[in-house]
Structures are given as C-alpha cells and as structure tokens.
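Okay, structure first, notes after.
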2 protein chains.
Amino acid sequence: MKKRVTIHDIARIAGVSPATVSRVLSKSSYPVSSDMRKKIERLAEEHDYIPNMVGKQLKTHKNMTIGVIVPTISNPFYSSVVLGIEEMARRNNYHVFLCNSLQNPKQEDEYLEKLFENQVKGVVLSSISFNRALLTRLIKLGLKVIAIDQPIDLQDVFQIKFDYRKGGYMATQYLLDKGHRRIAFITAPLDRPSRQSIFDGYRDALQDAGIAVEERLVNVSEPAEGDETRGEFENGKLLTRRLFDLDELPTAVFACNDMTALGVINELTAHGVKIPEQMSVVGFDNIDFSQMIAPPLTTIHQPSYEMGKLAYNMLMELMGGGQAEIDIVLQPKLIERSTVAVKK
Amino acid sequence: MKKRVTIHDIARIAGVSPATVSRVLSKSSYPVSSDMRKKIERLAEEHDYIPNMVGKQLKTHKNMTIGVIVPTISNPFYSSVVLGIEEMARRNNYHVFLCNSLQNPKQEDEYLEKLFENQVKGVVLSSISFNRALLTRLIKLGLKVIAIDQPIDLQDVFQIKFDYRKGGYMATQYLLDKGHRRIAFITAPLDRPSRQSIFDGYRDALQDAGIAVEERLVNVSEPAEGDETRGEFENGKLLTRRLFDLDELPTAVFACNDMTALGVINELTAHGVKIPEQMSVVGFDNIDFSQMIAPPLTTIHQPSYEMGKLAYNMLMELMGGGQAEIDIVLQPKLIERSTVAVKK
DNA sequence: ATGAAAGCGCTAACAA
DNA sequence: TTGTTAGCGCTTTCAT
C-alpha cells in the first residue's frame with residue numbers, strides 16, 4: 001500500500017511551493033504560467049495524486065454533500081424520490097448522504113446530528129418525528145432543510161407539499177362517479193399528516209355526496225416499527241380480512257397507498273373475489289409496480305421523481321442564500337387503469 | 001444563525017486548555033479530574049457544542065463511513081442489499097455513502113474516485129464495469145473492496161458470491177421435473193457475469209436432461225442505459241411478445257430475474273394466456289414483490305438482505321486489518337409458489 | 001491532571 | 001507569476 005501523495009509532495013518534487021500546486025490542482029482561476037501548470041499536472045498524474053477533500057473542506061468550510069432522510073428506500077415511492085435527488089445532485093457534482101430512519105424518530109435525530117457533525121449544510125427530510133427540538137437547534141446553527149412528503153411546521157423550513165387531501169378526495173369521487181356508495185378506506189395508522197389528509201379527502205368526498213362515513217368501513221391498523229414496506233402489504237391483507245366480518249362487503253376499497261392496495265388485492269383474490277367485477281380497488285402513489293400487476297391498479301399519481309428533483313433545486317436555492325422561497329404544492333392526478341368497475 | 005462553537009471556545013470559557021476539552025468531549029480514556037469533566041460537559045451542553053468531524057478526521061485519518069455502489073436502488077434487490085448493509089453499519093456507528101451507478105461504468109468510476117477523495121476507506125461494490133484500471137490504483141492506495149453480485153477478478157478484492165449457475169440449473173430442473181420440455185429463457189443482455197451464469201445453468205440442466213437448447217427459445221434483449229428497473233419489466237414484455245411469433249408456444253418461461261418475470265406475466269396475461277394453466281413461469285431473486293402478485297411467483301431465492309450484512313462484516317474485517325479472508329458463495333433456494341403447473 | 005505545541009492537507013491573504 | 005505564512009478544528013505527544 002503506497003503512501004498517499006499530497007500537494008506538498010508534488011511541490012517538493014516539482015521544486016515549487018505548495019501554493020502553486022494548489023492553484024493548478026484545484027483548478028483555481030489564479031494565474032499560473034502554462035509551463036508550470038503543465039509540469040505540475042504531469043507530476044500529479046505520474047504520482048497518482050488524489051486530492052484530500054477533508055483537508056480542503058476544513059479550510060474552505062464548503063462541501064459537496066447534502067443529506068437525505070427518508071423512512072426507507074425499500075418503499076419504491078421513496079427510492080424514486082431519492083433517485084430524483086441524486087440525479088440532480090450528480091449533475092451539479094454533489095453527493096447524497098442517504099439515511100433510512102426506519103419509522104424511528106430517534107433514528108431520525110441521530111442521523112440529523114451525524115449529518116451536521118459531518119458538516120453537511122443542507123438536508124431533504126421526510127420526517128416521521130414530532131419532536132422539533134434538535135431540528136430547531138440545527139437550523140439556528142445554519143442547517144438548511146427542505147421538507148417533503150410530511151410537513152414540518154418550522155420557521156425557515158421550506159416544503160414540497162403534495163395535496164393529499166385532494167388526492168383522497170379525487171379517488172373517492174371517482175369511485176362515487178362509478179356508482180359506488182359503500183367504499184371502504186384502508187390505511188396504516190393516521191399518525192402521519194399525509195395519511196390523515198388522505199382520510200380527510202375521503203371523508204369530505206363522501207359527505208359532499210351526502211353519504212355518511214360508516215365507521216366499520218374505515219379500517220386503520222395499529223402502529224408498527226421496523227421496515228415498513230412489507231408491513232404495508234401485510235397490513236392491506238390484514239385489514240381486508242376484517243372486511244369479511246361485515247354483514248355485507250363494500251363494493252369498493254380505497255387504500256392509503258399502493259403497497260397497501262397490493263395487499264388488499266392479494267387478500268381479495270385469495271378469497272376468490274374478482275377485481276374489478278366484484279370489488280373495485282383504488283391505490284395511492286402510483287409506484288412503478290402498480291402498473292405491473294394484473295389487473296393494473298387504478299391509483300393517484302404522486303410525482304415522486306419530480307418531487308426529488310424539486311427538493312434538490314429548492315435546497316440549492318436555500319443554501320445559495322436564496323431567500324423568500326415559497327412552498328410548493330404538487331397536485332394529484334388520477335391514473336385510470338383496470339381495478340375499478342362501474343357499480344351495477 | 002449562531003456561530004459554531006469549537007473546543008477552543010469551550011476551553012476559553014472554561015479557562016482550560018483545548019487539550020483538556022478534547023479529552024473529555026471526545027471520550028478519550030485519558031484521565032481528567034471529574035470536576036473538570038463535569039464542568040466541560042455542562043459548558044458544551046449549554047453552548048450547543050457539536051463536534052466537527054472534519055477536523056477530527058483530518059487529524060486522525062479515520063472516518064466512520066463506507067461506500068456502497070449499486071446499479072440502482074429502484075431495483076428492490078439492491079435496495080434490500082443496501083438496507084442490510086445500513087443496518088449493520090448503524091449498529092457500529094458507521095455511515096453509508098450510497099451511489100447509484102445507473103448502468104454506467106463511467107459513473108461507477110466517478111463515484112469510486114469521489115468516495116476515495118472523501119477518504120472513504122472501504123467500499124461494497126456491485127460492479128457493472130470491466131475496466132479495472134482505477135479500481136486497481138485505488139486498491140494499491142489502500143482502498144478495501146468487497147464485491148457483491150458481480151465478481152471482480154482482482155487480487156485483494158473479496159467476494160460475496162452467489163451460485164447463479166446452480167440457481168439457473170435448479171429453476172430449469174424444477175420445470176423439467178414438472179414435465180416441461182420446451183422452456184423459454186428470457187433475459188436482459190448477458191453482459192453481466194451473473195446473467196451469463198444463470199444461462200449456463202439453464203443450458204446445462206437441459207443438456208443433462210438430453211434436451212437440445214433451442215435457439216429460438218432463448219431470448220436476449222439489447223443493452224440499454226438509464227434506470228434499469230422499469231426497463232427489466234418492459235424487457236420481459238417485449239421478449240414475451242416475440243414468443244408469439246413462434247410456430248408453437250413453449251410451455252414454460254424462465255426469466256433471469258423477478259422484474260423481468262413480472263413483465264412476462266403481464267404480457268402473457270394481456271394475451272389471454274392463463275398462468276400457470278397454460279404457461280408456467282419461474283423468476284429469479286425472490287424480491288418482496290414476487291409474493292405480492294397474483295398468482296405469487298415461483299422463483300429462486302437470493303438472500304439480498306443477508307448478503308448486505310455479510311458484505312458489511314467482511315468489509316469491516318478487511319478494514320480492521322483482518323487478512324486471508326475467504327470468498328463466500330451463497331446458495332440458491334427454490335421458492336415454490338403458484339406460477340408453475342405440471343405439464344399435461 | 002493539565003497545558004503547550006505541532007501538525008493532519010489544504011487554501012488564501014499578503015508579500016515579493 | 002510565485003512564495004510565505006497562517007490557520008481551518010481537532011488530537012496527541014511531550015512537558016510540566
């Protein structure tokens with residue numbers, strides 16, 4: 001294992017000062033004679049010089065990495081968001097420091113702190129925590145934060161929002177338009193603002209149609225910890241099973257996300273219920289998989305990849321001292337596929 | 001925005017030397033009187049002291065981050081591997097620097113270099129490149145590398161292998177046992193060793209059964225770039241379409257991975273072909289989704305999460321100066337679900 | 001038990 | 001155009 005060569009080594013070999021070497025190797029605009037420049041570049045190449053960003057960073061207080069904290073990348077929705085962020089970051093020579101909070105607020109805080117210790121200056125955060133103590137402290141110390149997916153109600157935190165309520169409303173309205181009156185809502189715990197909003201949309205759509213919300217048709221699961229993705233699916237199955245305890249099945253199911261909808265469909269199919277002939281199903285998110293199943297899932301599109309890109313752009317704006325940014329609210333879109341039939 | 005407080009600030013306030021402050025705040029084992037220790041801890045707390053890891057790292061040449069390079073986390077197989085690595089890393093207070101090479105060898109090299117510049121000392125790599133120039137250089141400079149998924153034939157690179165050939169053999173043999181004789185193989189380009197090996201297994205199983213490999217039943221797609229996950233699915237669809245040009249359909253399809261198998265199933269269903277009654281399908285990987293579809297997919301299990309954990313452990317061993325590590329070959333397992341029927 | 005001082009690799013005034 | 005020097009925040013020998 002060869003010793004690492006530094007700017008000083010190159011300087012010594014070239015018989016010049018480290019400053020000159022720094023100027024050429026860091027692509028500074030500072031003037032250096034072209035002979036010198038060539039010589040140094042050649043020497044650097046020959047000696048396998050690779051810059052040490054830690055030294056540079058300590059001096060300049062700048063770095064090229066941003067943090068991203070999401071519940072888990074095993075959820076295709078988040079992996080798509082992350083890919084969007086990373087794509088933009090790459091183009092601008094930034095790095096992404098990815099953290100999976102795994103439904104654990106403590107984990108979220110630990111990552112936040114670690115990120116900050118590592119001098120990360122900007123973070124895109126899908127927060128599952130309610131305690132804003134640490135976040136507030138870090139923001140005071142200069143951390144820039146963009147909230148996605150879950151709102152964060154703090155001064156100086158800007159948001160890429162999504163109109164979950166409207167999405168919930170649209171999905172329900174669509175089912176209503178197809179003639180359905182008994183529409184079940186199946187969801188993971190309403191402990192996240194996004195889910196609560198989807199439920200609000202469901203409720204409002206029913207009420208606007210003059211239909212009372214039947215409590216037995218609203219199925220909320222118990223909170224769980226760990227990797228959520230498998231959980232959402234299992235959840236969908238579990239809550240669907242409860243439907244069969246009812247005197248009469250609903251004619252349609254609206255699930256709080258696609259993973260849950262997959263569970264619903266799976267369980268329904270296991271019970272011999274045909275989709276959409278005997279039961280209509282609508283999901284939420286429009287993950288790639290939703291169109292890969294048979295029949296392909298009708299769902300509400302949430303532009304995850306674009307969300308990632310937007311989040312990156314807003315973060316850069318913020319970090320570049322841009323100010324008075326405005327929150328963005330992305331609009332839902334209904335994707336009609338094949339899991340909904342007209343109620344006969 | 002408050003100015004960041006350093007150990008010097010704390011030292012000044014406490015009226016002691018920075019050395020003493022460092023000793024207590026970095027949890028050094030060096031003796032410090034308990035009065036002093038308490039005072040410093042209190043002051044640090046009061047003044048919101050947060051250590052600067054960059055300074056520390058420059059001095060100690062140690063850091064707590066490892067790199068992980070995979071084709072894309074939007075592929076559930078890789079996201080599961082990454083989660084396994086991250087889980088272990090977290091337990092040991094390590095960080096994961098995640099990079100998606102997106103099927104692009106140049107991107108892979110860029111990330112490798114960036115990682116190294118940032119003083120990352122260990123990397124878990126699923127390489128899609130064939131050019132080992134940079135990697136060889138970095139290894140000479142002390143980088144430790146664990147290869148997963150795709151073998152890397154370099155001195156000092158240790159591997160978590162998977163017996164792809166055996167997996168391919170098992171899947172084909174299983175189909176053979178069920179009475180199938182005309183078994184199509186559908187795959188993305190054989191430019192990765194893993195896929196080639198799966199094909200070898202397919203071929204060998206047929207040959208051992210005294211069945212000639214029919215060229216028209218082996219469908220290989222053209223190379224593509226970009227985010228592969230959607231591509232694999234589309235690929236499965238595309239190649240399945242070609243099957244219908246044949247004089248006679250095969251009775252079973254073996255796909256090189258589950259995403260492709262989903263595409264196969266999707267296209268088959270679109271053509272009104274019932275699975276498994278009219279066509280049997282076997283996948284490869286056993287991603288979570290493979291059991292979420294209807295009917296659930298029969299497939300070859302590749303232990304992605306465990307692979308991640310193993311990779312982390314091996315890497316730590318290597319980085320800790322452990323030597324004479326031995327490559328590991330994980331064994332495939334057939335998961336019988338519902339997409340295969342006995343050939344009548 | 002505490003402090004002084006050097007230095008990790010790099011950059012950036014300032015000087016020459 | 002090039003060099004000198006100081007120092008980013010931290011740890012760590014060596015002294016005291």
Side-chain angles (χ1 to χ4, degrees), chain A residues 2-41 43-44 47-64 113-114 116-121 141-142, chain B residues 2-41 43-44 47-64 113-114 116-121 141-142:
Chain A
K2 289 193 286 183
K3 207 196 141 291
R4 234 108 129 175
V5 9
T6 73
I7 238 174
H8 284 89
D9 299 324
I10 303 288
R12 197 170 21 75
I13 298 165
V16 296
S17 78
T20 306
V21 177
S22 169
R23 280 162 194 147
V24 356
L25 262 22
S26 67
K27 295 165 180 47
S28 146
S29 62
Y30 205 92
V32 174
S33 74
S34 89
D35 279 2
M36 191 82 274
R37 164 162 275 121
K38 283 201 192 95
K39 180 177 180 186
I40 291 173
E41 277 166 350
L43 255 21
H47 290 81
D48 259 350
Y49 171 77
I50 294 185
N52 182 335
M53 289 306 168
V54 174
K56 175 172 191 157
Q57 206 185 126
L58 185 57
K59 178 69 189 175
T60 62
H61 294 281
K62 289 191 188 320
N63 69 50
M64 299 302 277
E113 185 147 8
K114 238 185 196 177
F116 195 78
E117 289 178 351
N118 283 281
Q119 308 308 107
V120 167
K121 301 291 197 295
L141 291 168
Chain B
K2 290 193 285 184
K3 207 197 142 290
R4 233 107 132 178
V5 7
T6 72
I7 53 172
H8 283 89
D9 299 324
I10 302 289
R12 198 172 15 79
I13 298 165
V16 296
S17 77
T20 306
V21 177
S22 168
R23 279 162 194 148
V24 356
L25 261 23
S26 66
K27 295 166 180 47
S28 146
S29 61
Y30 204 92
V32 174
S33 75
S34 89
D35 279 3
M36 190 80 275
R37 163 162 276 121
K38 283 205 192 89
K39 180 176 180 186
I40 290 174
E41 277 165 350
L43 255 20
H47 290 81
D48 260 349
Y49 170 78
I50 295 185
N52 181 335
M53 289 305 166
V54 174
K56 174 170 190 158
Q57 206 186 126
L58 185 56
K59 179 69 190 174
T60 61
H61 294 278
K62 288 191 188 318
N63 69 49
M64 299 302 276
E113 186 147 10
K114 238 185 196 175
F116 196 77
E117 288 178 351
N118 283 282
Q119 308 308 110
V120 167
K121 301 292 198 295
L141 291 169

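So that the names make sense, note that chain A is the first sequence line, chain B the second, and so on, each numbered from 1.
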* d(CG, A:Leu58; C1', C:dA12) in whole Å -> 14 Å
* Taking only the side-chain nitrogens and oxygens of A:Thr6, find out if one of them lies under 4.0 Å from OP1 or OP2 of C:dG9. => no
* Structure fact -> So OG1 of B:Thr6 and CZ of B:Arg12: to nearest 0.5 Å the spacing works out to 7.5 Å
* Between B:Lys56 and D:dT11, is there a side-chain N or O to OP1/OP2 distance below 4.0 Å? -> yes
* What pair of heavy atoms forms the shortest contact from B:Lys121 to B:Gln119, and how long is it? -> NZ-O, 3.2 Å
* Any side-chain heavy atom of B:Arg4 sitting closer than 4.5 Å to one from B:Ile50? -> no
* Between C:dG9 (C1') and B:Glu117 (CD): distance, integer Å -> 13 Å
* Whole-Å distance between D:dC10 P and A:His61 NE2? -> 10 Å
* Asked: Counting any heavy atom closer than 4.0 Å, what does B:Ser26 reach on the DNA or RNA strands: base, sugar-phosphate only, or nothing?
  -> sugar-phosphate
* At under 4.0 Å between heavy atoms, what does B:Ser33 touch on the DNA or RNA strands: base, sugar-phosphate, or nothing? -> sugar-phosphate
* Structure fact -> B:Leu25 atom CG is separated from D:dT12 atom P, nearest whole Å, by 14 Å
* For A:Pro31 and for B:Asn52, locate the closest nucleotide of DNA chain D by heavy-atom distance; then report the residue assigned to the nucleotide nearer the 5' terminus. => A:Pro31
* **Over all atoms of both residues, closest heavy-atom pair of B:Ser17 and B:Ala11** => C-CB, 3.7 Å
* Rounding to a whole Å, what distance do you find between A:Ile10:CD1 and D:dG3:C1'? -> 18 Å
* Asked: Want to settle it: does A:Ala19 or B:Pro18 sit nearer the 5' end of DNA chain D, counting the closest nucleotide to each?
  -> A:Ala19
* **Sugar-phosphate, base or nothing in reach of B:Val54, heavy atoms under 4.0 Å** => nothing
* Asked: Nearest-Å distance, NE2 (A:His8) to C1' (C:dA6)?
  -> 14 Å
* Structure fact -> Separation of C:dG9 atom P from A:Arg23 atom CZ, nearest Å, is 20 Å
* To do: Evaluate the side-chain proximity of A:Val16 to A:Met36: yes if any heavy-atom separation is below 4.5 Å, no if none is.
  => yes
* Does OP1 or OP2 of C:dG9 have a side-chain N or O of A:Tyr49 closer than 4.0 Å? -> no
* To do: Name the nucleic acid region contacted by A:Thr20, choosing base, sugar-phosphate or nothing; use a 4.0 angstrom heavy-atom cut-off, strictly under.
  => sugar-phosphate
* When only distance counts, do a donor and an acceptor, one from the side chain of B:Arg37 and one from the base of C:dT2, lie under 3.5 Å apart? -> no
* Touch check for A:Met36, heavy atoms < 4.0 angstrom, all strands: base, sugar-phosphate only, or nothing? -> sugar-phosphate
* Has B:Ser22 got a side-chain N or O lying under 4.0 Å from the OP1 or OP2 atom of D:dC10? -> no
* Asked: Rounded to whole angstrom units, what separation is found between the NZ atom of A:Lys62 and the P atom of C:dG9?
  -> 23 Å
* Between B:Val16 and A:Ser28, who's closer to the 5' end of DNA chain C by nearest nucleotide? -> B:Val16
* Is any N or O donor-acceptor pair between the side chain of B:Tyr30 and the base of C:dT2 shorter than 3.5 Å? -> yes
* Asked: Between B:Ser22 (side chain) and B:Pro18 (backbone), is there a donor-acceptor pair under 3.5 Å?
  -> no
